[in-house]
Engineer: 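Before anything else, here's the structure in question.
Every value quoted in this text rests on a predicted model; they were computed, and no experiment measured them. Every heavy atom of this structure was used, including side-chain atoms; hydrogens, water molecules and symmetry mates were not.
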Amino acid sequence: MRVVVIGHGMVGSRFAEELVAADPGAEVTVLGKEPVPAYNRVLLSGVVAGSTDPALLAMAGPAHPRLRVLTGVAAVDIDRQARTVRDATGHDHAYDVLVLATGSAARVPAIQGVADDRGLVPGVHVLKDLADATGIVDQAVGARRAVVLGAGVLGIEVATGLAARGLSVRVVHLGQRLMERQLGWEAAQVAVGSLGRLGITTHVGASVAGVLTRRDRLSGVRFGDGLEAAADLFVMCCGTSPETVLARRAGLTCDRGVVVGEDLCSPDDPAVFAVGDCAQPPEGGRGLVAQGWEQARRLVTRLSRADGGPGADGTTDVVRVKAVGLSMVSMGLSGDFDREDPRYRVLSLKDPERGRYVEVVVAGGLLVGATCLGDAEVGATLSALYTRSMPVPEDPALLMVRVLAGGGPGVVSRAPADLEDGDRVCSCNSVSAGAVRAAVHGGCRTAVEVSRRTRASTGCGDCRSTVEALVAATASEQGSQQTHPDLVRSQS
């Protein structure tokens, strides 16, 4: 079976690697338009903040004889009748199965002067790929004032990252509150106060109408009410649009994304599938990489006719904000929902002076939603309860008491030596402490090697320090020379 995958992002690379591992008859060619192998886009805001080394973003697995990855080679045309894909170099790639994993593009709003015939004007940026991140970092050197448009997850991460670099930051958001998809009104108010303590000014219910330039470079922005503000850097975090150009040109049905059924197949062609941000399945897209990974697993199971194994258990709609100086996580029922619904018990704790807000939603003895600001340990506890569908205390208020006591039953907060093999250390990829230990026993000697084998810490990255410590502890038990997490980091 000849399979061509268009797109070598987090989902396309995961699909290709799992398919050649599951199906001995699969010959896979991946066309990736970026000149670098697959990397973790989720952590790009960490690159902007200076908290993540770009070298640690790499997530491509080891070479495989039946997997050919062409980096820096874009697909330009699909011939569905001949079942070929032409790339930018003029070569044709024949397929029996075509998988579109083209992802999405950053949305650029209609702002006067934001771009010219050469692209975005100097000083104006979006954040979608590694080149964008490094461009923002370069521009931030010597800059004093930044404006970030959009206060969703990415906008908040970028704003805090730039503030950590010493810039004066304004966040402008068209909505009436920050992160309205994840935060209710009270939580959003606490978030505004927390951002203010980081030196970030927020403007909600506002818009940017135009950019000002001087000597062909950004010098300021003009708001929708006519007021102006000086700026050396303007970053637009206004969402994304599915990349559907190739699919539309090939005559495939597209709406917002490439329309597919529950089997991820296009209704127009049984040989064409779509996964990740470019796909529009019946249930809709959540914009989370976990959904794309689950789609990749399902498609591998279908194409290889394997049983699929146990798959990733638990839920995948946990949203963590990777912001410097601000801990924030939401899951399940959060943001706007009917808090008077008799099916739910909703309890909240609001402590704006300390930047803390915790809300838990319980139904049937389980946590079905939560929001946590300002307490990373409690956020980890709630995430563990939610993703593993663990029962909560009979009185959910005890979760609030644990907040006040500064403790919590979080699994990953324990020392590495105390973790049971069944304890999950990586929620994004459902990797247990036992799997990490097994990788070390199998020859892995650094956290990077363990990540390549198990995929631990290749999602949101929150568990990286836990994985590093667990690798070091396990290696030490074996008499290895690696006896400290700092050594693991230095060798990785």
Engineer: Any ion pair linking D336 and R177 (charged N to carboxylate O, less than 4.0 Å)?
Structural biologist: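 Salt bridge: yes.
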Engineer: Check whether any side-chain N or O of D351 sits under 3.5 Å from a backbone N or O of R356 as a donor-acceptor pair, and report yes or no.
Structural biologist: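 Looks like no, no N/O pair under 3.5 Å.
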Engineer: Report yes or no: does H173 contribute a side-chain atom to a donor-acceptor pair with the main-chain N or O of A151 at less than 3.5 Å?
Structural biologist: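 Side chain of H173 to backbone of A151: a pair is present.
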Engineer: With a 3.5 Å distance limit and no angle check, can you tell me whether K128 reaches the backbone of V126 through a side-chain donor-acceptor pair?
Structural biologist: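 Looks like no, no N/O pair under 3.5 Å.
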Engineer: For the backbone of G257 and the side chain of T244, can you confirm whether one donor and one acceptor N or O come within less than 3.5 Å of each other?
Structural biologist: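 The answer is no, because no donor-acceptor pair under 3.5 Å joins these two groups.
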Engineer: Within a strict 4.5 Å, meaning less than it, do heavy atoms of the T201 and V169 side chains meet?
Structural biologist: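 Sidechains of V169 and T201: no contact.
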Engineer: Search all heavy atoms of E180 against all heavy atoms of G175 and return the closest pair with its distance.
Structural biologist: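 Smallest heavy-atom distance, with atoms named: OE2-CA, 4.4 Å.
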Engineer: At what distance, to the nearest 0.5 angstrom, does CG of L130 lie from CD of E34?
Structural biologist: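 The CG atom of L130 sits 7.5 Å away from the CD atom of E34.
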Engineer: Please lay out, stage by stage, how R339 and E359 fare under the test salt bridge (charged side-chain N to carboxylate O under 4.0 Å, His left out).
Structural biologist: CA-CA 11 Å; R339 288 168 172 77; E359 179 180 77; 3.0 Å; yes
Engineer: Roughly how far, to the nearest 0.5 Å, is the OG atom of S13 from the CE atom of M59?
Structural biologist: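 Rounded to the nearest 0.5 Å, the CE-OG separation comes out at 5.0 Å.
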Engineer: Is it true that atom CD of E283 has more than 12 heavy atoms of other residues, nucleotides or ligands lying nearer than 6.0 Å?
Structural biologist: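 Yes - once you tally the heavy atoms of other residues, nucleotides and ligands closer than 6.0 Å, there are more than 12.
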Engineer: Will you find, in the side chains of R222 and Q112, an N or O donor that is under 3.5 Å from an N or O acceptor?
Structural biologist: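 Yes, because at least one side-chain N or O of R222 sits under 3.5 Å from a partner of the opposite role on Q112.
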Engineer: Minimum heavy-atom separation for L198 to G325, with atom names?
Structural biologist: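 Between these two residues, the closest heavy atoms are CD1-O, 4.0 Å.
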Engineer: I'd like to check Q189 versus P352 (side-chain heavy atoms, cut-off strictly below 4.5 Å). Are they in contact?
Structural biologist: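 No - every pair of side-chain heavy atoms lies 4.5 Å or more apart.
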Engineer: Show your reasoning for whether side-chain contact (heavy atoms from CB on, under 4.5 Å) applies to I111 and F234.
Structural biologist: CA-CA 12 Å; I111 297 175; F234 178 42; 4.1 Å; yes
Engineer: Do the side chains of V361 and L367 get nearer than 4.5 Å, heavy atoms only?
Structural biologist: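 L367 does not reach V361 side chain to side chain.
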Engineer: Could you tell me if Y357 and D375 have a donor-acceptor pair between their side chains, going purely by distance under 3.5 Å?
Structural biologist: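 No pair is found: no donor N or O on one side chain lies under 3.5 Å from an acceptor on the other.
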Engineer: Give me the one residue out of T160, V235, I136, L154 that meets side chain to side chain contact (heavy atoms under 4.5 Å, CB included) with V48.
Structural biologist: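 Per the side chain to side chain contact (heavy atoms under 4.5 Å, CB included) rule, the option paired with V48 is I136, out of T160, V235, I136, L154.
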Engineer: Does either side chain, that of R217 or that of Q139, offer a donor lying less than 3.5 Å from an acceptor on the other one?
Structural biologist: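 A donor-acceptor contact under 3.5 Å links the two side chains.
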Engineer: What are the two closest heavy atoms between G113 and V121, and how far apart are they?
Structural biologist: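 Where G113 meets V121 most closely, the heavy atoms are O-CG1, 3.5 Å.
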Engineer: If you measure from the Lys or Arg side-chain nitrogens to the Asp or Glu carboxylate oxygens, is any gap between R14 and E294 under 4.0 Å?
Structural biologist: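 Salt bridge: no.
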Engineer: Nearest 0.5 Å, please: how far is OG in S432 from CD in E420?
Structural biologist: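 Separation between the atoms: 11.5 Å.
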Engineer: For the residue pair G12 and A101, what are the closest heavy atoms and their distance?
Structural biologist: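 That closest heavy-atom pairing would be CA-CB, 3.7 Å.
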Engineer: Just wondering, are more than 12 heavy atoms of other shown residues or ligands nearer than 6.0 Å to CZ in R107?
Structural biologist: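 For R107, atom CZ is crowded (more than 12 foreign heavy atoms under 6.0 Å).
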Engineer: Distance from L373 atom CG to R354 atom CZ, nearest 0.5 Å?
Structural biologist: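 Between atom CG of L373 and atom CZ of R354 there are 14.0 Å.
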Engineer: Which pair of heavy atoms, one from G123 and one from L218, lies closest together, and at what distance?
Structural biologist: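 Between these two residues, the closest heavy atoms are O-CD2, 3.5 Å.
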Engineer: Report yes if some heavy atom in the side chain of S241 is under 4.5 Å from a heavy atom in the side chain of S104; otherwise report no.
Structural biologist: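 No; the side chains remain at least 4.5 Å from each other.
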Engineer: Within this structure, what is the CZ-CD1 distance for the pair R170 and I200, rounded to the nearest 0.5 Å?
Structural biologist: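 So the CZ of R170 and the CD1 of I200 are separated by 12.5 Å.
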Engineer: Would E157 and S45 count as having a side-chain donor-acceptor pair, cut-off 3.5 Å?
Structural biologist: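 On atom types as modelled, these side chains qualify, holding a pair under 3.5 Å.
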Engineer: In terms of the angle between their ring planes, are F223 and H203 parallel, tilted or perpendicular, with boundaries placed at 30° and 60°?
Structural biologist: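 Because their plane-to-plane angle lies in the 30° to 60° range, the rings of F223 and H203 count as tilted.
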Engineer: How about CZ on R181, more than 12 heavy atoms from neighbouring residues, nucleotides or ligands closer than 6.0 Å, or not?
Structural biologist: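 For R181, atom CZ is not crowded (no more than 12 foreign heavy atoms under 6.0 Å).
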Engineer: Could you walk me through whether K33 and E243 pass the salt bridge (charged side-chain N to carboxylate O under 4.0 Å, His left out) test, one step at a time?
Structural biologist: CA-CA 13 Å; K33 65 180 180 181; E243 286 277 20; 3.7 Å; yes
Engineer: Is any side-chain heavy atom of L195 less than 4.5 Å from a side-chain heavy atom of L178?
Structural biologist: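 Of all side-chain heavy-atom pairs linking L178 with L195, at least one is under 4.5 Å.
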Engineer: Taking the side chain as every heavy atom from C-beta outward, state whether D129 and Y39 have any pair of such atoms under 4.5 Å apart.
Structural biologist: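 When only atoms from C-beta onward are counted, Y39 and D129 do touch, with a gap below 4.5 Å.
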Engineer: Hey, is CZ on R214 packed in by over 12 heavy atoms from elsewhere, all under 6.0 Å?
Structural biologist: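 At most 12 heavy atoms, drawn from other residues, nucleotides or ligands, come within 6.0 Å of this atom.
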Engineer: Using the rule given for side-chain contact (heavy atoms from CB on, under 4.5 Å), can you reason through V319 versus L288, listing the C-alpha separation, both sets of side-chain angles and the distance that settles it, and then say yes or no?
Structural biologist: CA-CA 8 Å; V319 178; L288 300 177; 4.1 Å; yes
Engineer: Is there a side-chain contact between V471 and T446 (heavy atoms, below 4.5 Å)?
Structural biologist: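 V471 vs T446: side chains apart.
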Engineer: Between S389 and L385 (side chain of the first, backbone of the second, donor and acceptor by atom type, cut-off under 3.5 Å), is there such a pair?
Structural biologist: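 Not a single qualifying donor-acceptor pair exists.
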Engineer: Any chance you could lay out the side-chain contact (heavy atoms from CB on, under 4.5 Å) test for M179 and V321, step after step, and finish with the verdict?
Structural biologist: CA-CA 10 Å; M179 292 179 59; V321 179; 3.6 Å; yes
Engineer: Report, as yes or no, whether the 6.0 Å neighbourhood of atom CD on E228 holds more than 12 heavy atoms from other residues, nucleotides or ligands.
Structural biologist: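 Yes, enclosed.
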Engineer: Can you give me the closest heavy-atom contact between P109 and V114, atom names plus distance?
Structural biologist: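 The pair with the smallest heavy-atom distance is O-CG1, 4.4 Å.
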Engineer: Taking atom SG of C237 and atom CG of L127, what is their separation to the nearest 0.5 Å?
Structural biologist: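 One gets 6.0 Å once the value is rounded to the nearest 0.5 Å.
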Engineer: Got N40 and M10 here, is their nearest side-chain heavy-atom distance under 4.5 Å?
Structural biologist: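 Answer yes - side chains close enough.
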Engineer: For the pair R445 (side chain) and V440 (backbone), establish whether a donor and an acceptor sit closer than 3.5 Å, ignoring hydrogens and angles.
Structural biologist: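 Yes; at least one donor-acceptor contact below 3.5 Å.
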Engineer: Backbone N or O of P281 within a donor-acceptor pair of the Q295 side chain at under 3.5 Å?
Structural biologist: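 No, the answer is negative, given that no donor and acceptor are paired below the 3.5 Å cut-off.
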Engineer: Can you check side-chain contact (heavy atoms from CB on, under 4.5 Å) on M236 and L120, steps first, answer last?
Structural biologist: CA-CA 11 Å; M236 298 176 291; L120 298 177; 4.0 Å; yes
